[in-house]
Amino acid sequence: MTKFLQIFLDASLYLLLIPLLFGSALSLVSHRNKSLVVIYFGFFAQVIGGGVGIIIHELSHLIVALLFRHQIKGVALLRIPRPNDGDTSLGYVQHAWQTTSLYQRSGNFFIGVAPLIGGTVALVALTRWLVPPIFAWWQSLATGASTTATGDLVWWKVLIWVVLLINISVGGFDLSTADLENSSHGLFILVVFYLLVLIIASLFFTPTQIKGALLSFMIPVYWALGLALLINLITLTVLKLLGRAHVLTPPYRT
């Protein structure tokens with residue numbers, strides 16, 4: 001029982017609590033940034049400043065919905081809103097599921113939070129591809145060992161990485177009320193499955209082994225989420241400062 005409890009506490013901390021805190025803060029700040037961008041620059045500015053992130057956001061919903069065998073009724077990865085007609089949607093994935101299927105119902109949780117997963121995967125993948133030394137540094141922090149990446153930082157790749165990082169961070173991590181509501185449909189089933197997996201894991205692995213594996217996998221994820229949160233906080237600070245200095249004026253309404 002003590003062994004299972006330790007594994008449960010470690011898994012809940014590293015796999016659930018820390019990502020939840022990062023994800024919640026990231027979603028809130030990102031949502032505020034979008035609101036300020038709309039106020040100062042209009043709805044179309046969201047497409048320019050966060051279009052790649054919006055596409056990844058909706059694509060994440062779509063991929064996970066397909067993985068859980070949901071029926072896809074409509075998809076728009078990126079669209080131009082018409083706020084004058086009450087249309088403020090930048091993209092959508094309409095899906096349906098069988099209420100009698102435990103598999104499809106449990107998928108609702110992952111579909112709802114998929115943008116956090118998809119955005120993080122995109123940031124980690126872009127970092128590994130465009131700036132390998134930075135990714136190697138992340139890995140060294142995860143393993144505690146010195147890791148050497150082949151190649152140096154190339155300025156144009158760093159520039160592309162920074163631009164995409166900002167675009168995805170600002171546009172891709174904002175969870176809507178509909179996303180959160182959709183996630184609640186599969187939460188109970190997910191909790192039961194989570195406990196079963198941990199019980200089985202406690203039969204074959206020690207708490208030290210589980211903790212080491214979780215940290216090795218999750219530390220690059222924490223760095224990606226932390227970097228996205230930092231970018232959003234900087235963006236929020238700049239927008240607010242420019243607004244208070246009256247450099248930006250709010251001709252638009254949300």
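Starting from 1, each residue takes its place in the sequence as its number. Computed from a prediction, not measured in an experiment: that's the story for all the values here. Because only heavy atoms are used, hydrogens play no part in the values below, and waters and symmetry mates are left out as well, while side chains stay in.
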Throw together a table of side-chain donor-acceptor distances under 3.5 angstrom for residues 113-124, partners on residues two or more places apart or in other chains.
unit_1	atom_1	unit_2	atom_2	d
T120	OG1	L116	O	2.6

- Applying side-chain hydrogen bond (donor to acceptor under 3.5 Å, both in side chains) to S12 and not counting sequence neighbours gives Y194
- Query: Is there any ring pair (Phe, Tyr, Trp, His ring centres under 6.0 Å) pair reaching into residues 98-124, and which pairs are they, with sequence neighbours excluded?
  - Reply: F68-Y103, F68-F110
- Sequence-distant partners of L9, side-chain contact (heavy atoms from CB on, under 4.5 Å), two or more places apart: L5
- Message: Holding to side-chain hydrogen bond (donor to acceptor under 3.5 Å, both in side chains), I want the full list of residues that pass it with N232, two or more places apart in sequence or in another chain.
- Response: N33
- Please list, chain by chain and in numerical order, all residues satisfying side-chain hydrogen bond (donor to acceptor under 3.5 Å, both in side chains) with W161, sequence neighbours excluded. T127
- Task: State which residues pass side-chain hydrogen bond (donor to acceptor under 3.5 Å, both in side chains) with Q209; sequence neighbours excluded, sorted by chain then number.
- Result: T206
- With sequence neighbours left out, what residues match A25 under side-chain contact (heavy atoms from CB on, under 4.5 Å)? L229
- Message: My understanding is that only residues two or more places apart in sequence, or in another chain, count here; which of them pass side-chain contact (heavy atoms from CB on, under 4.5 Å) with A213?
- Response: none
- Identify, with sequence neighbours excluded, every residue that meets salt bridge (charged side-chain N to carboxylate O under 4.0 Å, His left out) alongside R79. D87
- Item | Pairs meeting criterion ring pair (Phe, Tyr, Trp, His ring centres under 6.0 Å) with involvement of residues 5-31, two or more places apart | none
- Message: Can you pull out every side-chain hydrogen bond (donor to acceptor under 3.5 Å, both in side chains) where at least one residue sits in residues 17-27? Sequence neighbours excluded, please.
- Response: none
